[in-house]
Amino acid sequence: MSPSEPPRITAYGCGPDEAALFRRAAAESGVAVTVTHTAPSEATAALAAGSRCVSVGHQARLTAAVLRALRQAGVEYVSTRSVGRDHIDVAYAERIGIAVENVSYSPDSVADHTLMLMLMSVRNAQSTVRRVDDHDYRLPEARGRELRDLTVGIVGTGRIGAAVADRLRGFGCRLLAHDRRPRIAAEHVPLDELLRLSDIVTLHTPLTAETRHLLDRRRIALMKPGAYLVNTGRGPLVDTDALIAALESGRLGGAALDVVEGEEGVFYADRRAGPAAGEPLLRLQKLPNVLITPHTAYYTDRALRDMVENSLANCLHHRSDHESRTRAT
Ligand code: COI
């Protein structure tokens, strides 16, 4: 491709709203964009021919085989429209000459949702709304707790964890935080201590080999009796079997989960015709003290726009870096 040709990028896995945003943003920035709803795979890698940069969604599974196919199609750069990169074999990508970057988007989307889940949990909102739907308007079961009387433990204090902390300060609760690198104004404590002291534990740490099952059986057993777990990070941060046992026994007060182990292929699908049995999700959904949202915490108009525009901008930035490197040689 000559430098005067418009840059081309392929945007995989786009829902209708992302597709419309991509087309608009691409037209505004003079980029030729191939927008497809299909996921990147060995079979669809050819769609990336002519695009040095591709944008993928967080549901894409970029295994070594898929990355190899993309590389063969000429891809040098992958921008994932998510903060998490756990769906991509980043080490392999780098080994074969593909750079991988995430995008930043409004952390307020996830932070607002996290606060909503916390408030719904401590005010028993789900069961109250369900009872009202059944015309049961009695009072006692609805009694809740006030956030200012509670201690909230934030695990992971990056942009989203920090935005959650900002909101919680307004509620006057005691804030504990755990991170390898203290980044917010809060009482920073070791993880086990945070679990022992918190009435609500909220997870905002990336999923890596080290953080898989960060909340394992031992750590869940450390949590305060009656405590709530809020997870808007990644499902595998929590050992789901251990969580279910703690919820069933009544040791934990409840869980509000936007992410669940094994959600791939289930969340965002219409399963009304008959959900498959035995999935951890179904076991969780049967529990009265569990509130599930299907990985929608990020999904606001602003965050979606940020994701698409920043993914495109990252691709263009990579391309101009590439061109200046090529001109210099
Ligand atoms: C992330 O940004 O990593 C998320 O989990 C949101 C994603 C579904 C776009």
Plane angle bin for Y268 and H58 - parallel if under 30°, tilted between 30 and 60°, otherwise perpendicular: perpendicular
Between [X] and [Y] (side chain of the first, backbone of the second, donor and acceptor by atom type, cut-off under 3.5 Å), is there such a pair?
X    : Y    : answer
T10  : L47  : yes
D199 : T151 : yes
R81  : G13  : yes
E18  : G15  : yes
S198 : L195 : no
H135 : R131 : no
N310 : S104 : yes
T211 : L214 : no
T44  : A39  : yes
S109 : S106 : yes

[X] bridged to [Y] by N-O distance under 4.0 Å:
X    : Y    : answer
R181 : D179 : no
D192 : R218 : yes
E101 : R85  : no

Could you report the tightest heavy-atom contact between [X] and [Y], atom names first, then the distance?
X    : Y    : answer
R271 : G265 : NH2-O, 3.5 Å
A177 : L194 : C-CD1, 3.8 Å
L247 : A255 : CD2-N, 3.9 Å
L168 : C173 : O-SG, 3.7 Å
A142 : T128 : CB-OG1, 3.8 Å
N102 : V83  : ND2-O, 2.8 Å

What about [X] and [Y], same hydrophobic cluster or not, with Ile/Leu/Val/Met/Phe/Trp/Tyr joined at side-chain heavy-atom distances under 4.5 Å?
X    : Y    : answer
V54  : Y92  : yes
L222 : I244 : yes
M120 : L147 : yes
L175 : Y228 : yes
I9   : Y105 : yes

T240 and its side chain to side chain donor-acceptor pair (under 3.5 Å) partner, picked from R283, E279, E261: E261
Residue pair D239, R219: steps toward the salt bridge (charged side-chain N to carboxylate O under 4.0 Å, His left out) verdict: CA-CA 10 Å; D239 176 342; R219 288 214 171 101; over 6 Å; no
Stepwise side chain to side chain contact (heavy atoms under 4.5 Å, CB included) test for R23 and V35: CA-CA 8 Å; R23 290 201 178 93; V35 176; 3.7 Å; yes
For residues [X] and [Y], determine if any side-chain heavy atom of one lies less than 4.5 Å from a side-chain heavy atom of the other.
X    : Y    : answer
F267 : L281 : yes
P206 : R234 : no
L257 : L243 : yes
L197 : R174 : yes
H37  : C14  : no

Given C53, P7, C315, S51, the one that forms side-chain contact (heavy atoms from CB on, under 4.5 Å) with V31: P7
Return yes if a side-chain donor-acceptor contact under 3.5 Å exists between [X] and [Y], otherwise no.
X    : Y    : result
T114 : T232 : yes
T34  : R8   : yes
H204 : T157 : no
D258 : T293 : yes
Q59  : H87  : no

Any pair counted as salt bridge (Lys or Arg N to Asp or Glu O under 4.0 Å), so long as it reaches residues 286-312, sequence neighbours left out: none
Tell me if the [atom1] atom of [X] is crowded by more than 12 foreign heavy atoms within 6.0 Å.
X    : atom1 : result
R159 : CZ    : yes
E28  : CD    : yes
R169 : CZ    : yes

Audit row: R167, D108, salt bridge (charged side-chain N to carboxylate O under 4.0 Å, His left out) steps and yes/no: CA-CA 10 Å; R167 283 156 177 72; D108 301 325; 3.1 Å; yes
Candidate pair R143 and N124, rule side chain to side chain contact (heavy atoms under 4.5 Å, CB included), full reasoning: CA-CA 7 Å; R143 196 171 81 196; N124 302 310; 5.6 Å; no
Test salt bridge (charged side-chain N to carboxylate O under 4.0 Å, His left out) applied to R71 and E76, step by step: CA-CA 7 Å; R71 189 72 193 93; E76 294 170 355; 5.1 Å; no
Within the 6.0 Å centroid threshold, strictly below: H317 and Y77: no
Partners passing salt bridge (Lys or Arg N to Asp or Glu O under 4.0 Å) against R138 (at least two apart in sequence or in another chain): D136
Connected hydrophobic set around V132, excluding itself, where side chains approach under 4.5 Å: Y137
